[in-house]
Amino acid sequence: MSGPVPIANSLEDIYTRDALDTQTKRWNNLLSKFESTYGHQPEFVSRSPGRVNIIGEHIDYSLYSVLPMAITADTIVAVSTHLPAPKEGTFRIQIANVQDSKFKSREFDIPYDSVDIDATVHEWTNYFKSGLRGALELLRKKHGADFKPKSMQILMDGTVPAGGGLSSSAAFVTASALAVMAANGEQTVDKKELTELAIVSERAVGVNSGGMDQSASVFSERGSALFVSFTPTLLACPVSFPPTTPELTFLIAQSFVTADKFVTGPIHYNLRVVECTLAAAYLNAVLNPPGTLLPGDASPLGISLHGFHETYFALSEHNSGATSSKSITEQLEHLLELTKQTLTKEEGYTRSEIAAVLGLPSTSELDQKFTSRFPVRAERFKLRQRAIHVFSEALRVLKLMNLLETSSSSSSSSSSSSTTSTPEDLNSCLGALLNETQDSCREVYECSCEEIDRICAIARQAGSYGSRLTGAGWGGCSVHLVPADKVNNVKEALEREYYSKLELTEEQREGAVVVSKPGSGSALYLGGKEGLA
Ligand code: NG1
């Protein structure tokens, strides 16, 4: 699935038919607003979508595989490079947002060799700057350290709700990085390079994020979910759900509880990243031979539960002289048992307890190693619960993939029809896995919230096979696996029992529940004489 980011010739290359009218209006608005803001047409538009995660929650930063899909909502960035260079050694960025009352226009003169991002300030343009920084690093690698970035005029429009668990940040960062590459003459942008630079550069905004969102945003293909694995190297493969009668749909329901990762990072997202990393170090110290070092990897803090997983089985094989016959599924089941026996403290571990096991002289060394990049606020670290969630969620992803593979091979061998009716129990099994994820997120990983739990209960009662939070959690969105003939039931139940009790604007009410079809990933639109329509 690698290769260059596609160049779209028309909006039909980007959006499904049902979205075309709305998107054409929106893109035309972007273009005319660009002209009224800057006095000329943009040269091109870059586009990256948000995503919904089907399964594999909070395991990407432990480097386990996940199954997201892109949605229609996206970030579009119109760009022109027609502006004079500012003072020697710098380039200029003029950036504006279609929603200009909410997101103020800015202008920056930036030195050629460094992009300053103040992660302590919550500022919308930081997301652009982090894409800019990553893209410039790549451009410098390609063209040498003397590379002179082009000045840019930018107008952006984002429809992925911020803090809604649909990855507005990754859509913005990848669209920005793609825009910078294209502005600097690179119209052939490798998807893998773009994804990898966006993963690393998004961390500059103050969140220790994994790589799922950027991968989904860049690699997705219309009509398919995306299986993303992170080791030994980033790989993304399209995955189809079996055609069933009635059709299986993905319903996305907002909770309208805004979860701002930037603000709550020290007690939520970033803390979970630290807890998982500490769990890996702790399990390594106790279960692997003394002195074993975990391999450095692409996870946010450089070592991961996946790294521990591989090291543990590689060393057991080496020490026993036998090749392990365990499948990955069996290995994960084994690790779950080991975790339960090794990490026994339900109440969590203090800094001194962890430092002692890791052989660190004091808690300051522990903080230096694990919490200095992004500060966290916690007295105790729940290593047991976090490792149990990660290993069991990694297992659920494999089980779901297995179900899909088995069903597609049995349907292709039993029938030549493309609309095979899939047995009810396949859908129930898929749904059960989503429900188990929700249980684990609520009870073990503690990343759900009362509102999301309620939404899931209402949806299941009204006919959803499986319902769970999607994305980071603590609010945001939920995803539901619903047969097409039950969609209205679920929508009505949510309206009656949840949304009618909130004070929502008309726009919020309309966007509260959407049926989302797997959409396409990043694209560059270079324009044309014919215009957009
Ligand atoms: P959201 O908050 O939905 O964009 C975050 C992370 C993902 C992943 C999920 C949890 C960022 C940009 N994204 O997603 O990498 O860890 O939480 O599965 O931080």
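Start at 1 and go down the list; that is how both ligands and their atoms are numbered. The figures here come from the full heavy-atom set of this structure, side chains too, leaving out hydrogens, waters and symmetry mates.
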Q.
Students should be able to answer this: which protein heavy-atom is nearest to atom 2 (O) of ligand 1, and at what distance?
A. Lys261 NZ, 2.9 Å
Q.
Could you tell me, atom by atom, which parts of ligand 1 come under 4.0 Å of a heavy atom of Glu202?
A. 12 (C)
Q: Any atoms of ligand 1 less than 4.0 Å from a non-hydrogen atom of Ser169? List them with their elements.
A: 12 (C)
Q | Glu507 side chain to Thr505 side chain, donor-acceptor N/O pair below 3.5 angstrom | A | no
Q: Counting heavy atoms only, name the option from Tyr269, Tyr61, Tyr445, Trp474 that's nearest to atom 17 (O) of ligand 1.
A: Tyr269
Q | Taking atom 13 (N) of ligand 1 as the reference point, the nearest protein heavy atom with its distance | A | Asp213 OD2, 2.6 Å
(Q) Are Phe241 and Phe250, when compared by the centres of their aromatic rings, separated by less than 6.0 Å? (A) yes
Q. With a cut-off of 4.0 Å, which atoms of ligand 1 are near a heavy atom of Gly210?
A. 15 (O)
Q) Going by the atom numbers of ligand 1, which of them fall below 4.0 Å from some non-hydrogen atom of Gly165? A) 3 (O)
Q) Could an N or O of ligand 1 be found under 3.5 Å from any N or O of Glu57, whether backbone or side chain? A) yes
Q: For the pair Glu275 and Lys382, find out whether any cationic side-chain nitrogen is under 4.0 Å from an anionic carboxylate oxygen.
A: no
Q. Hey, are Asp453 and Gln438 close enough side-chain-wise for a donor-acceptor pair under 3.5 Å?
A. yes
Q.
Does the plane of the ring in Tyr15 sit parallel, tilted or perpendicular to the ring in Trp27? Use 30° and 60° as the thresholds.
A. perpendicular
Q: Give the residue and atom name of whichever protein heavy atom lies nearest to atom 11 (C) of ligand 1, and the separation in Å to one decimal.
A: Ser209 CB, 3.1 Å
Q) Just which atoms of ligand 1 are under 4.0 Å from any heavy atom in Ser167? A) 4 (O)
Q) Should Asn53 be counted as touching ligand 1, given the test is an N or O pair under 3.5 Å? A) no
Q: Output yes when the distance from some N or O of ligand 1 to some N or O of Gln214 is under 3.5 Å, and no in every other case.
A: no
Q. Closest non-hydrogen protein atom to atom 3 (O) of ligand 1, residue and atom name please, with distance?
A. Arg51 NH2, 2.8 Å
Q.
If you take the centroid of each ring, where Trp contributes its six-membered ring, are Tyr61 and His58 closer together than 6.0 Å?
A. yes
Q: State whether Lys501 and Glu451 are salt-bridged, where the test is any N-O pair (Lys NZ or Arg NE/NH1/NH2 against Asp/Glu carboxylate O) under 4.0 Å.
A: no
Q: Look only at interatomic distance and state if Leu166 has a nitrogen or oxygen under 3.5 Å from any nitrogen or oxygen of ligand 1.
A: no
Q: Would you check if there is a donor-acceptor pair between the side chains of His480 and Ser478 at a distance under 3.5 Å?
A: yes
Q) Under 4.0 Å from any heavy atom of Met212, which atoms of ligand 1 are there? A) 8 (C), 9 (C), 18 (O)
Q: Kindly state whether the ring of Tyr282 and the ring of Tyr349 have centres lying under 6.0 angstrom apart.
A: yes
Q: Walk me through it: do Arg26 and Thr22 pass the test side-chain hydrogen bond (donor to acceptor under 3.5 Å, both in side chains)?
A: CA-CA 6 Å; Arg26 174 176 167 239; Thr22 318; over 6 Å; no
Q) Hey, which atoms in ligand 1 end up nearer than 4.0 Å to a heavy atom of Asp60? A) 7 (C), 8 (C), 15 (O), 16 (O)
